[in-house]
J.: 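Here it is, the structure in full.
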Protein chains: 2
Amino acid sequence: MGTVSRPAEDICSIQRTLDLIGDRWTLLILRDVFRGVRRFGQIHDDLGIARNLLAGRLSRLVDHGILERVQYQARPVRHEYRLTQKGRDLSPALIALMHWGDHWYAGDEPPTVLVHESCGSALDLVTTCPGCGEVVDPHQIRSRPGPGLRATSVPRQEHA
Amino acid sequence: MGTVSRPAEDICSIQRTLDLIGDRWTLLILRDVFRGVRRFGQIHDDLGIARNLLAGRLSRLVDHGILERVQYQARPVRHEYRLTQKGRDLSPALIALMHWGDHWYAGDEPPTVLVHESCGSALDLVTTCPGCGEVVDPHQIRSRPGPGLRATSVPRQEHA
DNA sequence: GCGAGTGAGTTTCGATATGCAACCGACTCG
DNA sequence: CGAGTCGGTTGCATATCGAAACTCACTCGC
């Protein structure tokens with residue numbers, strides 16, 4: 001029977017990603033930073049996260065180049081945490097999670113709407129196929145081993 | 001200074017979503033199910049998750065209608081876990097996380113490639129603005145309170 | 001029918017992570 | 001000077017996790 005033949009971390013970038021940001025707090029912290037909540041105390045107040053955990057998570061994010069600690073005033077020396085490009089690149093993931101929550105838990109009344117600055121309309125996140133240019137339904141997605149996986153027997157995988 | 005004025009759970013579907021699937025294992029389990037790894041033992045072998053935790057996560061996902069437990073044979077009664085529509089709708093989030101990991105940790109050699117079944121080319125996930133039809137850069141995204149948030153003073157929020 | 005084997009959990013228990021509160025150090029303001 | 005604020009760190013009780021053992025239902029070979 002076509003069972004999985006190798007540990008998952010070899011196959012999948014999802015694993016690596018979740019090892020880094022897949023705990024209960026990190027994505028919430030990043031969401032705050034995206035929203036402009038960038039300072040230690042603000043994030044703490046907003047999330048209710050324990051201060052020691054917040055300190056740990058922030059420094060881990062800084063270590064991994066997802067956030068950077070920037071001094072924004074000198075009188076009392078104060079820093080804030082800003083997204084790097086690497087951090088900003090997580091935006092699609094956050095948006096996807098938000099849309100899912102909106103759709104399944106907020107009905108037609110999303111608590112927050114994302115807006116395209118230049119045209120003012122609400123945003124959508126879609127999977128587009130660069131080959132045919134069409135929007136892709138999850139059922140039409142198949143996965144196969146890519147070049148980063150040394151070629152051994154990974155069974156055909158279904159998707160959905 | 002425009003600070004946050006209310007607890008985050010009121011504002012954001014990301015919070016609700018992460019409360020449900022934002023722990024270290026759940027998204028990995030879902031990824032397995034997406035890939036066709038649907039049975040208790042398979043998932044356990046693949047992820048190395050403790051059996052008690054796997055049992056707990058699976059039943060929570062079933063309780064919340066993300067997976068369903070389906071009997072697939074009767075001789076020895078055996079069940080497998082299948083995605084519901086609600087579960088399949090998480091696909092964009094998983095894809096976004098995977099792309100991020102590919103981009104930042106796999107260089108140009110992603111371990112797994114997603115393929116559009118009908119045309120065979122690798123997939124992309126982009127944020128498209130339904131208003132102007134253009135691909136949206138994260139810098140151009142702003143958020144504002146939506147209809148699901150009873151209107152009180154939520155400050156202007158920046159994004160990135 | 002009997003013993004071994006398998007899949008899917010559940011229980012137990014020590015290791016780890018979390019949450020809370022108190023403390024600290026730099027700085028500012030009255 | 002003394003109180004207040006910001007951004008943490010430390011200590012400790014508790015909650016959660018992980019590994020292994022155990023249970024239970026069922027099947028198979030004999």
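Because the structure is a prediction, the values reported are computed rather than measured. Letters A, B, ... are given to chains in the order of the sequence lines, protein chains preceding strands, and every chain is numbered from 1.
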J.: Side-chain contact test, heavy atoms from C-beta onward, threshold under 4.5 Å: evaluate it for A:I49 versus A:I29 and give yes or no.
T.: yes
J.: Please tell me if B:W25 has a side-chain N or O lying less than 4.0 Å from either OP1 or OP2 of D:dT16.
T.: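 Checking B:W25 against D:dT16: no side-chain N or O falls below 4.0 Å of OP1 or OP2.
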J.: Is there a donor and acceptor pair, one atom on the side chain of A:R51 and one on the base of D:dG7, closer than 3.5 Å?
T.: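 Indeed, a donor on one side and an acceptor on the other fall under 3.5 Å apart.
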J.: What is the separation between atom CD1 on B:I29 and atom C1' on C:dA8, rounded to the nearest whole Å?
T.: 14 Å
J.: Whole angstrom is fine here: how far is it from CG in A:L54 over to C1' in C:dC20?
T.: 15 Å
J.: What is the distance from NE2 of B:H79 to C1' of C:dG9, rounded to the nearest Å?
T.: 12 Å
J.: Hey, are the side chains of B:R57 and B:D23 touching, using non-hydrogen atoms and a 4.5 Å cut-off?
T.: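 Yes - at least one pair of side-chain heavy atoms lies under 4.5 Å apart.
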J.: Check the phosphate of D:dG8 against A:R57, side-chain N and O only, distance under 4.0 Å to OP1 or OP2. Yes or no?
T.: no
J.: Among D:dG7, C:dT11, C:dG9, find the nucleotide with the atom closest to the side chain of B:Y81.
T.: C:dG9
J.: Does any part of the side chain of A:L18, heavy atoms only, come nearer than 4.5 Å to the side chain of B:R31, both counted from C-beta?
T.: no
J.: Both A:V77 and A:A50 contact DNA chain C. Which one's nearest nucleotide lies toward the 5' end?
T.: A:A50
J.: Judged by each residue's nearest nucleotide on DNA chain C, which is more toward the 5′ side, B:F40 or A:G48?
T.: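 Result of the comparison: B:F40.
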J.: Can you identify which nucleotide, out of C:dG9, C:dA8, D:dG18, has its nearest atom closest to the B:A55 side chain?
T.: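 Output: C:dG9.
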J.: Take atom CD of B:Q71 and atom C1' of D:dA25, then tell me their distance rounded to the nearest Å.
T.: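 These atoms are roughly 13 Å apart.
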J.: Closest to the B:R69 side chain: C:dC20, C:dG9, D:dG18?
T.: C:dG9
J.: Return the nearest nucleotide to the side chain of A:R78; candidates are D:dT5, C:dA8, C:dT18.
T.: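 The nucleotide sitting nearest to the side chain is D:dT5.
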J.: Find the distance B:N52:CG to D:dA15:C1' and express it as a whole number of Å.
T.: 14 Å
J.: Are any of the side-chain nitrogens in B:R142 or A:E117 under 4.0 Å away from the carboxylate oxygens of its partner?
T.: yes
J.: Mind calculating the distance between CD (A:Q73) and P (C:dA26) to the nearest angstrom?
T.: 18 Å
J.: Take the protein atom CZ of A:R39 and the nucleotide atom C1' of D:dG8, then report the distance between them rounded to whole Å.
T.: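 The answer, rounded to whole Å, is 14 Å.
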J.: In whole angstrom, what separates A:E80's CD from D:dG8's C1'?
T.: 17 Å
J.: Counting heavy atoms from C-beta on, name the nucleotide in C:dG7, D:dG11, D:dG7 closest to the side chain of A:Y72.
T.: D:dG7
J.: As a quick check of understanding, evaluate side-chain contact (heavy atoms from CB on, under 4.5 Å) for B:H103 and A:D89, giving each step before the final call.
T.: CA-CA 9 Å; B:H103 182 59; A:D89 281 358; 3.7 Å; yes
